[in-house]
Amino acid sequence: MLTKSYIVLYIHADSVLVVQSYFLRMGFSSLISVLLLLLPALSSSQYLGNILLTNRKIFPIQEEAVTSYAVIIDAGSTGSRVHVFHFDQSLDLLRIGNDLEFSGKVTPGLSSYADVPKKAAESLIPLLDAAENVVPEDLHPKTPLKLGATAGLRLLEGDAAENILQAVRDMFKNRSTLNVQADAATIIDGTQEGSYLWLTVNYLVGKLGKKFSKTVGVVDLGGGSVQMTYAVSRNTAKNAPKVPDGEDPYIKKMSVKGKKYDLYVHSYLRFGREAFRAETLKVTYGSANPCILAGFNGTYTYSGAEYEVYPPISGPSYEACRELVLETLKVNEPCSHPNCTFGGIWDGGRGSGQKTIYATSSFFYLSQDVGMFDAKAPNARVRPADFESAAKKSCGLTFEDAKTAYPLLSNARIPYVCLDLTYMYSLLVNGFGLEPLQEITVANKILYEDALVETAWPLGTAIEAISALPKFERFMYFM
Ligand SMILES: *[C@@H]1O[C@H](CO)[C@@H](O)[C@H](O)[C@H]1NC(C)=O
Ligand SMILES: *[C@@H]1O[C@H](CO)[C@@H](O)[C@H](O)[C@H]1NC(C)=O
Ligand SMILES: *[C@@H]1O[C@H](CO)[C@@H](O)[C@H](O)[C@H]1NC(C)=O
């Protein structure tokens, strides 16, 4: 009866597997009844009819692999990098050539074109062209294109950043055949960066889609801010303290891999590695700073302000440095919540989503630079106490000796090694309440299948963008 007719199905990608297995197990006739059962549920029979009439292509179902691409541009302060990711229908990463992603970079960053927004947008054209070449043409309309701008643009004055982003959106709309939404180019703030990074890390360690209590927490120490992100129970989320108007709420909802998560995320401005140096130098303004290596006398410039930098005549000391760091960290600030981290910020309840911690960015780079693990390792298990012992050792070195002791550490960072390490230890233990002997993973990359993938926000943004796509995919049956 159905011979020589086409049946077009518009169904959820996951249901196809069900249909397929019915087909294989029960044979042809039961397939027909499955189709009949499904048909009334189809939302747009009009659309169904159109495809039936116009689409000449016929795919055997086994060969119709439903895969998705996402194109994410990371617009940083020194350059812009494009990432193209390719996922199968269970959201597993597929290879593009030999790698798990395609990427390419242009320099300088968008912020160097502050007065010429159109030029800024045009600087991205080579990246866009390269990405569009990687994505098969018929998938362009379903492939999200997103640009996230971080530190560089955040610092521009007045409308400069918004003008650049608008020029980028215009360029995307004018030129790109990819899926460009109104919010295709935005500034990514700390809490977004934190939650996308949480997605990336949990994805790479195979925890995404699992119960919240099985996921891992991520603490990301950048230059300007530090982000803590972990999943909490529905109940904790419901009872989260309110924040003052205009501030990001403590809880962000995420829906990925068929699972809804309540993420506790907080970005502590001025508590990044470089920013915190300036904060301690403000406290010791006009006098010696006990965290600075002996034999150094210079200046530190951060965010347009300049600070004189020198240690006491008697030299620095770990104990005095730690006291200064704890004072600057504001661990004793009044807390109007059940429990706080520091500076009066709610701690999120410290539930099981924070039992396992991944620490990224500066936590990784500095522990690598001072030799806390094999310099070639993409990630390593360390304990907060390891930062403490490294700090004690470094505070006793002179500026000159430290150059020999830490060949991986750039000269510009050496005067602050005692300060940075003491800060990292204090932040983890006194700020976030970790046990000094608890193992954490410092990570820059994580092995996924047999490739190393960067622990950075673009992959998480891609995962979220793909998860937000309309869930219906087209299938055609020929019988
Ligand atoms: C986009 O196209 C419009 C109209 O064609 C043009 O005015 C505008 O300058 C273009 N913008 C970019 C960034 O190419
Ligand atoms: C640091 O150097 C400046 C000039 O180079 C000098 O005036 C100042 O006294 C020095 N400070 C210390 C503490 O050595
Ligand atoms: C606050 O912290 C204390 C000590 O860590 C803990 O015993 C208590 O359960 C926490 N309270 C809440 C509401 O999280």
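Reckoned from all heavy atoms, side chains included, excluding hydrogens, waters and symmetry mates. In each ligand, atom 1 is the first atom listed, and ligand 1 is the first ligand listed. In this text, all values refer to a predicted model and were calculated from it rather than measured experimentally.
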Review point. Ion pair present between Arg81 and Asp74, side-chain N to carboxylate O less than 4.0 angstrom?
Key: no
Check your understanding: Are any of the N/O atoms in Asn297 less than 3.5 Å from those in ligand 2?
Key -> yes
Point to revise | Whether over 12 other heavy atoms sit under 6.0 Å from Asp183 CG | key: yes
Does ligand 3 have any N/O atom under 3.5 Å from a protein N/O, and what are those pairs and their distances?
| from | atom 1 | to | atom 2 | distance (Å) |
| --- | --- | --- | --- | --- |
| ligand 3 | 2 (O) | Asn339 | OD1 | 3.4 |
| ligand 3 | 2 (O) | Asn339 | ND2 | 2.4 |
| ligand 3 | 11 (N) | Asn339 | ND2 | 2.8 |
| ligand 3 | 14 (O) | Asn339 | ND2 | 3.3 |

Review point. Hey, is Lys282 close enough to Glu306 for a salt bridge, meaning N to O under 4.0 Å?
Key: no
Check your understanding: Is any side-chain N of the basic residue among Arg169 and Glu162 closer than 4.0 Å to the acidic one's carboxylate O?
Key -> yes
Revision key, fill the gap. Note: ligand 2 atoms sitting under 4.0 Å from heavy atoms of Tyr310 are 13 (C)
Practice item. Using the side-chain hydrogen bond (donor to acceptor under 3.5 Å, both in side chains) rule, collect all pairs that involve residues 341-356, keeping only residues at least two apart or in two chains. Key: Tyr268-Thr341, Arg350-Gln354
Review point. Is the side chain of Tyr203 donor-acceptor paired with the backbone N or O of Leu91 at a distance under 3.5 Å, no angle test?
Key: yes
Review point. Got a donor-acceptor contact below 3.5 angstrom from the Thr200 side chain to the Ala456 backbone?
Key: yes
